[in-house]
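Working notes, structure below.
What you see is a predicted model, and the numbers here were worked out from it, not measured in a lab. In the text below, chain A, chain B and the rest are named by the order of the sequence lines, each starting its count at 1.
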There are 2 protein chains.
Amino acid sequence: MISISAQSEQLMQAFQSGFEQSSFSNGERQIMLHAVEVFSRKGFVGTKIKDIAQSAGFSQGYVYTYFKSKEDIFTRIAALASGGAGRAVRYAAQLRGTAIERIGWLTEAFLSPDSLAMQHWRLMLLLSSATDAIPDEAKRISKERQAEPIEAFIPLIIEGQNEGDVVQGDPLMLALAYFSMVQGVGLARLQTTMPLPFPTAEVVLRLLRKNG
Amino acid sequence: MISISAQSEQLMQAFQSGFEQSSFSNGERQIMLHAVEVFSRKGFVGTKIKDIAQSAGFSQGYVYTYFKSKEDIFTRIAALASGGAGRAVRYAAQLRGTAIERIGWLTEAFLSPDSLAMQHWRLMLLLSSATDAIPDEAKRISKERQAEPIEAFIPLIIEGQNEGDVVQGDPLMLALAYFSMVQGVGLARLQTTMPLPFPTAEVVLRLLRKNG
DNA sequence: GTCTATATGCTGATAGAC
DNA sequence: GTCTATCAGCATATAGAC
């Protein structure tokens with residue numbers, strides 16, 4: 001049984017999109033922070049500049065002091081968010097421990113019901129659905145970074161196979177299975193408000209574990 | 001190894017949302033069919049009535065002959081689409097075969113790269129993201145039917161456990177794990193255009209199979 | 001730094017012609 | 001059955017006041 005550890009907490013920080021820490025001016029960060037929340041509830045087209053401004057406590061026109069357009073806000077958010085998963089995998093890869101342990105910590109971070117982790121999945125969803133209605137630039141960036149987590153995960157799988165903890169098989173296919181599952185759990189969590197016995201990290205690891 | 005069978009093909013028909021077969025008048029069906037496609041690309045707010053009309057080869061105003069509003073179109077689509085997964089599970093449950101066999105056929109139908117199956121996942125995605133921007137009635141209906149596939153799947157799991165093919169454990173948790181995974185693969189497929197070794201039914205079944 | 005006012009364009013929905 | 005014309009409302013982005 002894997003328990004929430006110091007490693008997992010550090011990992012979650014890497015996972016999260018990092019709007020807070022970024023080097024923005026005050027108004028800029030304030031607007032970004034609220035824009036993330038509104039966009040993830042209403043989508044790109046459904047979000048009106050007025051919604052973001054009101055949420056952040058500014059007037060509608062003030063938003064244009066910091067951002068050129070609605071597309072601009074969205075694209076900057078997409079750029080920050082789409083780096084999260086890859087960052088988390090790279091962070092996990094360089095922790096000390098066996099490969100399967102590190103994969104376990106990573107999985108806990110991904111599946112955390114923490115609100116910032118959930119926000120990540122909401123944003124990923126946004127970037128995957130209604131793709132003809134989101135800015136091209138945002139799409140480009142998110143597509144560009146899409147392979148990052150998978151590529152960084154493959155060495156971990158190979159290590160795990162060499163250590164005898166991970167099943168044999170094409171590492172790329174195993175990585176895709178892993179991320180499909182993790183993403184699916186993230187999505188499932190978003191779809192319901194009821195407290196249900198969602199798959200734990202241990203269950204997800206059954207996909208990879210030898211003698212699962 | 002499970003191969004595409006007569007069972008799987010029948011199953012896919014149950015899975016698919018059934019806009020074609022439904023008892024609509026000609027213009028009505030024509031519009032619905034195109035509306036599904038446009039909505040799934042542009043989302044609810046991003047889709048303009050003109051887009052649907054043009055796609056179906058009608059004038060903008062003509063759409064209102066059959067549909068009261070944009071919400072009306074979307075809600076009717078949501079109603080048809082949100083029944084698909086439950087229908088497929090119920091169909092699978094009453095096939096002849098061991099539980100794990102029937103689950104295998106079902107999984108093949110869910111993971112089929114068939115365009116109508118993909119459309120199902122695109123619509124599910126639409127109903128799960130930007131939820132503050134889709135009609136309340138559509139949300140209500142889709143939420144109402146959300147539990148159907150899981151409820152219908154649980155007896156299959158229990159059967160499989162009794163037959164010794166499925167791992168022990170809370171059947172609800174196993175069902176949630178299964179649907180998370182299936183959904184995750186559907187989503188992963190939508191996210192990329194490249195031909196990648198996406199998890200097959202056999203890989204998904206590792207989550208459930210005893211001595212996987 | 002922050003707000004108000006406004007121009008400009010688009011969209012949903014209706015009415016009515018053919 | 002199908003289209004054209006049109007209205008009323010709203011949203012983005014800008015200009016300029018304080």
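- Nucleotide dT12(D) holds its C1' atom 19 Å from the CZ atom of Phe58(A), rounded to whole Å.
- A salt bridge between Arg102(A) and Glu159(A) is present, with a side-chain N of the basic residue lying under 4.0 Å from a carboxylate O of the acidic one.
- Side-chain proximity of Ser69(B) to the nucleotides dT4(D), dA13(C), dA13(D) is greatest for dA13(C).
- Both Tyr66(A) and Gly61(A) sit near DNA chain C, but only Tyr66(A) has its closest nucleotide nearer the 5' end.
- At whole-Å resolution of the value, CD in Glu71(B) and C1' in dT11(C) are 14 Å apart.
- Judged purely by distance below 3.5 Å, without hydrogens or angles, the side chains of Tyr178(B) and Thr107(B) pair a donor atom with an acceptor atom.
- In this structure, Phe67(B) atom CZ and dA13(C) atom P are separated by 13 Å, rounded to whole Å.
- Between Tyr64(B) and dA13(C), a side-chain N or O to OP1/OP2 separation shorter than 4.0 Å is present.
- Atom CD of Gln54(B) and atom C1' of dT4(D) are 15 Å apart (whole Å).
- Taking the side chain of Ile49(B) as heavy atoms from C-beta on, and the options dG12(C), dG1(C), dT12(D), the nearest nucleotide is dG12(C).
- We find that NZ of Lys70(A) is positioned 12 Å from C1' of dC10(D), with the value rounded to whole Å.
- Checked for salt-bridge contact, Glu28(B) and Arg76(B) meet the test: a charged N lies under 4.0 Å from a carboxylate O.
- Atom C1' of nucleotide dG1(C) and atom CG of Asn26(A) are separated by 12 Å, given to the nearest angstrom.
- Nearest to the side-chain atoms of Gln60(A) among the listed nucleotides dT4(D), dA13(D), dG12(C) stands dA13(D).
- Nearest-nucleotide positions on DNA chain D place Lys50(A) closer to the 5' end than the other of Lys68(A) and Lys50(A).
- The interatomic distance linking Lys48(B) (NZ) with dC10(C) (C1') rounds to 8 Å, in whole Å.
- Under the 4.0 Å criterion applied to side-chain N and carboxylate O atoms, Glu101(B) and Arg96(B) are not assigned as salt-bridge partners.
- Going from atom CD of Gln30(A) over to atom C1' of dG1(C) covers 14 Å, rounded to whole Å.
- Under the 4.0 Å criterion applied to side-chain N and carboxylate O atoms, Glu202(A) and Arg209(A) are assigned as salt-bridge partners.
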